[in-house]
Amino acid sequence: MSPISQIGEIFPVLVQGLNTTILILITSAFFSFLVAFIAGFGRLSKNIILRKCTGFFVEIFRGTSLIIQLFWFFYALPILFGIDLGSEFWACVIAISMNYGAYMSETVRGSILSVSHGQTEAAIALNMSRFQRMKIVILPQAIRMMLPEFGNYLIQMLKATSLISLVGLADIVYKGQLYTNTNLSATPTVYLLILVFYFMIALPLIGLTKWAEKQSSKGVASQ
Amino acid sequence: MAEPVVKYKNVTKSFGEVDVLKGINLDIAPAEKIALIGPSGSGKTTIIRLLMTLEEPTSGIIEVNSQNLWQMEKKGKMVRANEKHLRQIRGDIGMVFQHFNLFPHMTILENCMTGPIHVKGQSKEEARKNAIEMLEKVGLGDKVDNFPNQLSGGQKQRVAMARALVMRPKVMLFDEVTSALDPELVGEVLEVIREIAKEGEMAMILVTHEMDFARDVADRIIFLEDGVISEQGTPEEVLGNTKSERLQKFLSRFRS
């Protein structure tokens, strides 16, 4: 079979997995942002217990590998504690969100801290409450600083979704590997096409990151 | 003399081992204009930062309108003021900073509207009207939709003054507001302060190195040295013919 007709045959197979990859990416991205902000604020809290607990959580998830976390949520939790996360899909989303959320929480924390202290002082001089200072003055500037790094993490997250094939979720990689099992000679073409697929999904994310970098360069008072 | 709007009673402030203020006693009358002068490190800026609640005094009492700023009563005991107590009292205080500290993500107009809207509960229309009026007064009526990074240092500082003025404080603090400016931009900022001072009702404390300006604007000049008030009086008394050798030495640096 010629490579061209191979492509014609493999393409629809991979497209079947596209859904899962993109759905996992979007859901995980949403929840990682959520985790990132909760943990980021937790680490800035005045409450020492809250601060230490979130610090512990962040270091655990940053310090261990995503694939093992995935296996934990998938195999170990149900066996050890009888905790069933409902579906394979959600086990994967939780693992990825926790892992990336932990990394991104450091971005959240760092960005908030790097807004110049003079901004807080000016807000105090206007008699704003602590909450108003954060919402009106600090966060809008901090988020501009977070954007480029968030973009980078999003691209990394896309590539990390390929790990879910290892626990049997039918994403692009899973579909491709299934195909090579019965068509060994097509292996190079399959992996080439998988690369192209990932790159095509990554392109808009790369564009988004570039845009974010532009945004972040304006409207921030950093130290 | 009318009841002082601000009172410092034996206020001290230490940063670690360093005693920056060593017992400040100071009454400020309503509408009084005070210039704080003194060598760097003498504690001038710290005095006004304590009043703005940016630093907490180590000991002593600061009163605003006869209310204790840094302490409040709780179950019959005086305890450290919480955020709510500070907010109740510091609404009467406003401040302009050496480095402007404008909000870079807002336009000039928004910078001057955010306080009145979110803190004083003014409607958007009212806040906009007042902000535009104030910006025109400081000579920036044509810049309302610009962002801070599009302005010169002198313009930024004038915006910062408008932003503080729309809050209608009873006491306005100026922290070396011309020190970060290029020399040719100092005049326009001082001119605006002179205008504000002429209008009257607001008390002003100016930390400054501009001696001629202090002589013009101030009712009273306070010379601070090593954390204590070592000389004070009318501009003539302090700048004219002081007997203090150290003050003379300090002043001689400004005469060239």
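Chain A is the first sequence line, chain B the second, and so forth, proteins listed ahead of strands; every chain is numbered from 1. Bear in mind that the values here come from a model prediction, so they are computed numbers and not experimental data. Side chains are part of it too, since the values below use all heavy atoms of this structure and drop only hydrogens, waters and symmetry mates.
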Side chain / backbone / both / neither for A:E121 at chain B, heavy atoms under 4.5 Å: both
Turns out that what part of A:T120 lies under 4.5 Å from chain B's heavy atoms comes down to neither
With a cut-off of 6.0 Å (strictly less than), are more than 12 heavy atoms of other residues, nucleotides or ligands near [atom1] of [X]?
X      : atom1 : value
B:K170 : NZ    : no
A:F199 : CZ    : no
A:Y75  : OH    : yes
B:R87  : CZ    : yes
A:I49  : CD1   : no
A:Y174 : OH    : no
A:R133 : CZ    : yes

For [X], is it the side chain, the backbone, both, or neither that has a heavy atom closer than 4.5 Å to a heavy atom of chain A?
X      : result
B:M167 : side chain
B:L54  : side chain
B:H118 : both
B:F97  : side chain
B:R49  : side chain

For the pair A:K46 and B:E83, find out whether any cationic side-chain nitrogen is under 4.0 Å from an anionic carboxylate oxygen. no
The reported gap from OG1 in B:T114 to CE in A:M128 (rounded to nearest 0.5 angstrom) is 3.5 Å
Rounded to the nearest 0.5 angstrom, the CD-NE2 distance for A:Q119 and B:H105 is 7.5 Å
On a heavy-atom basis, the closest approach of A:A122 and B:F103 is CB-CE2, 3.9 Å
Any A:I124 side-chain heavy atom under 4.5 Å of B:M95 side chain: no
Is B:R90 reaching over with its side chain to a backbone N or O of A:A125, donor-acceptor style, under 3.5 angstrom? no
